[in-house]
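Whatever order the structure lists ligands and atoms in, that order sets their numbers, starting from 1. Numbers here are sequence positions counted from 1.
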Amino acid sequence: MTASGEGHTAGTRHSTDVDAVIIGAGFSGLYMLHKVRNQLGLTARVFEAGGGVGGTWYWNRYPGARSDSDSYLYCYSFDEDLWQDWEWSERYPEQHEIRAYLEHVAERFDLYSDIQFDTRVTAATFDEATNTWNVTTDAGDSITARYLITGVGALSASNTPKFVGIHSFRGETYHTGRWPHEGVDFTGKRVAVIGSGASAVQAVPLIAEEARDLTVFQRTANYIVPANNGPVDPEVRRARKQDYAGIWQRVRQSNFGFELDFLEKGALEVPDEELERELMARWKEGGFGIWLGSYSDIFFVDEANAKVREFLHDRIREKVEDPETAELLIPKGHPFGCKRNPLDSGYFEAFNLPHVHLVDVKSNSIAEITPAGVKLEDGASYEFDAIVYATGFDAMTGPLNKIDIRGRGGQLLRDKWTEGPRTYLGLTSAGFPNLFTITGPQSPSVLSNMPVSIEQHVEFIAKIVGDMRDRGAETIEPTREAEDAWVAHNQELAEATLFPTADTWYMGANIPGKPRVFLPNLDFVGPYRARCDEIAANGYEGFTLTGSNQGAMA
Ligand code: N01
């Protein structure tokens, strides 16, 4: 590696191999590289575990994988020409199309030359003597950098439950989040899908088309609303293309990174006929409107939430022909909207097919995986040719905790986070100078349309780095007080809602032993952005800087 820009030009600083090491080449890492290198003129190296760009969309290639966000918003907005030029084929972008888009972005902005693929960062240690990060990889790299920026994704550490006998199974085994690139042919096979979250909801209808026999093992039924996917009316597309500035202005100020707003009145404040009408309109429209664009009181008051639940229960009963199966598919014991709401393209209808079965593993859990298949606690056994684990991820903290990130005094980030993540703004952590975590825990990220939050995170981080460079600051890290206040603020926001009442990956509840702490931030996209902007305008309130000419960057 050659010594680079910032380390040398600052004179008094120790030189580093590159200014920034960026981990991951998904939406986050690609844009971060573009900002740091093409706009700030710094040097950077991206390490990516996969063999190509895409992040989530590189790994999640299961049948039916597509974003649940409308395609005109599931993309970058930072370059108008890019947004105008790219045409999506359907309302929601499919996995291969998103990957093609990100490949196009990498080429268009000349990013490939600074990305090293098939390389996993294993450790990063902050050297307090030189104020630099030393990053090592499983490919044998050892590289120093002033900034360490993670774009590792919030849902990238796949979770396979430690079932007894899991390795004894003689058939094929897959995880939705690590799908074989060459695809899988289930034709004529007996297939098990374990799990009923967003991945299973997308995969089941397509696996059902191929498999001879398909059994879905469901622990928790989900509230699932129609996607209503398909080509977008050319008139709508044209109108959108003409409203680039308006759309992104609204989206950046929005609650969740979509063109969705809550209704003025709550579900408890309107007559039942009006409620039914509003919910039905959103049900027919498809997408997240019924969740993130209807009644805000459903997130706070169980009685309000119950009204939407009843509506959704009726829809399940309409779609699923067998009443017993329908009852099993009706969620129980958790509020609507506090568990990630999957979008449906034929999931419920799949259970009307004679070769598709639903098995409840809440009341009768999986006891073991046998050489032939799955055995339940009551002794019932099932035989399969293939098992698909649609069992999700160690969300938000998982991907960061897999790396040995050591800050001041050699402290490991995962040790600091034993009781749950401790961050300031979800992007920084005290004792870990010049570390930035795009879409980190306690950032809005997963409770928003991801690319919108990613752009905001990246732009905020780039602003900090640019300001530090301009003012000769060497390190930045949050104060303990600012971090404590942010952690408390996040918990207060969550505790005011119904979110903590549900066992979800938002709460870390899907991973045995993980602390039960609400992981995302609930400030909402617009207000969170305003808060970050205000912090920057106030000279990086809550941060400590060293090496700055003025001691603080006012
Ligand atoms: O994972 P999940 P996912 N025994 O955690 C079950 C995003 N995403 O990959 O609910 C039996 O939702 C588990 O049961 P339970 C999206 O944000 C986006 O589907 O914990 N079952 C659950 O049913 C999403 O939320 C998109 O009781 C076990 C399932 O496995 C997130 O990724 C598409 C079990 C896991 O569901 C994760 O979705 C796909 C056990 N021991 C994903 N352990 C789009 O945008 C776990 N389960 C389209």
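In summary, Arg282 and Glu285 do not engage in a salt bridge, as defined by a charged side-chain N under 4.0 Å from a carboxylate O. Under the 4.0 Å criterion applied to side-chain N and carboxylate O atoms, Arg66 and Glu97 are not assigned as salt-bridge partners. Ion pairing between Asp68 and Arg340 holds under the 4.0 Å rule for side-chain N and carboxylate O.
Taking the six-membered ring for Trp and the full ring otherwise, the centers of Tyr382 and Phe217 sit less than 6.0 Å from each other. Centroid-to-centroid, the aromatic rings of Phe258 and Phe256 stay 6.0 Å apart or farther.
Within 6.0 Å of NZ on Lys241 lie more than 12 heavy atoms contributed by other residues, nucleotides or ligands. When the shell of 6.0 Å around CD of Glu318 is examined, it contains more than 12 heavy atoms from other residues, nucleotides or ligands.
Among protein heavy atoms, the minimum distance from atom 18 (C) of ligand 1 is reached at Arg340 NH2, 3.4 Å. Among all non-hydrogen protein atoms, the one lying nearest atom 15 (P) of ligand 1 is Thr220 OG1, 3.4 Å. The nearest protein atom to atom 2 (P) of ligand 1, hydrogens excluded, is given as Gly392 CA, 4.1 Å; this is a heavy-atom distance.
Between Ala198 and ligand 1, at least one N/O pair is under 3.5 Å apart. An N or O contact shorter than 3.5 Å is missing between Ser67 and ligand 1 by distance.
Only the backbone of Ala390 comes within 4.0 Å of ligand 1, judged by heavy-atom distances.
Classification of the Trp83-Tyr244 ring pair by plane angle, with boundaries at 30° and 60°, yields tilted. Using a 30° and 60° split on the angle between ring planes, Phe351 and Tyr347 fall in the perpendicular class, above 60°.
Not a single heavy atom of Tyr506 sits closer than 4.0 Å to an atom of ligand 1.
Listed by number with element, the atoms of ligand 1 under 4.0 Å from a non-hydrogen atom of Tyr62 are 33 (C), 39 (C). Numbered from 1 in the order shown, with element, the atoms of ligand 1 that lie under 4.0 Å from a heavy atom of Ser199 read 3 (P), 9 (O), 19 (O), 38 (O), 39 (C), 42 (C). Each of the atoms 22 (C), 23 (O), 29 (C) of ligand 1 lies under 4.0 Å from some heavy atom of Ser196. Of all atoms in ligand 1, numbered sequentially from 1 with element shown, those under 4.0 Å from a heavy atom of Lys339 are 10 (O), 15 (P). With ligand atoms numbered from 1 in the order given, ligand 1 contributes 33 (C), 48 (C) to contacts under 4.0 Å with heavy atoms of Gln202. Less than 4.0 angstrom separates some heavy atom of Pro161 from each of these atoms of ligand 1: 34 (C), 40 (C), 41 (N), 43 (N). Ligand-side atoms of ligand 1 in range of Arg66: 44 (C), 45 (O), 48 (C), range being under 4.0 angstrom from any heavy atom. Applying the 4.0 Å criterion to heavy atoms of Gly195 picks out, from ligand 1, the atoms 6 (C), 23 (O), 29 (C), 30 (O).
Each side chain to side chain donor-acceptor pair (under 3.5 Å) pair with one or both residues in residues 297-309, not counting sequence neighbours, appears once here: Asp272-Lys307, Asp302-Arg309, Asn305-Arg309. Among residue pairs with one or both ends in residues 322-338, those qualifying as salt bridge (Lys or Arg N to Asp or Glu O under 4.0 Å) are Arg317-Glu327; sequence neighbours excluded.
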*Which is it for Asp344 and Lys319 under the salt bridge (charged side-chain N to carboxylate O under 4.0 Å, His left out) test, yes or no, and what are the steps along the way?*
CA-CA 12 Å; Asp344 169 29; Lys319 278 185 175 241; 3.6 Å; yes
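When Phe163, Phe217, Trp505 are checked for heavy-atom proximity to atom 17 (O) of ligand 1, Trp505 turns out nearest. Looking at Pro512, Gly197, Gly177, it is Gly197 that brings a heavy atom closest to atom 36 (O) of ligand 1. Of the candidates Leu155, Asp68, Thr176, it is Leu155 that places a heavy atom closest to atom 7 (C) of ligand 1. Taking all heavy atoms of Lys162, Arg219, His175 into account, the minimum distance to atom 34 (C) of ligand 1 is reached by Arg219.
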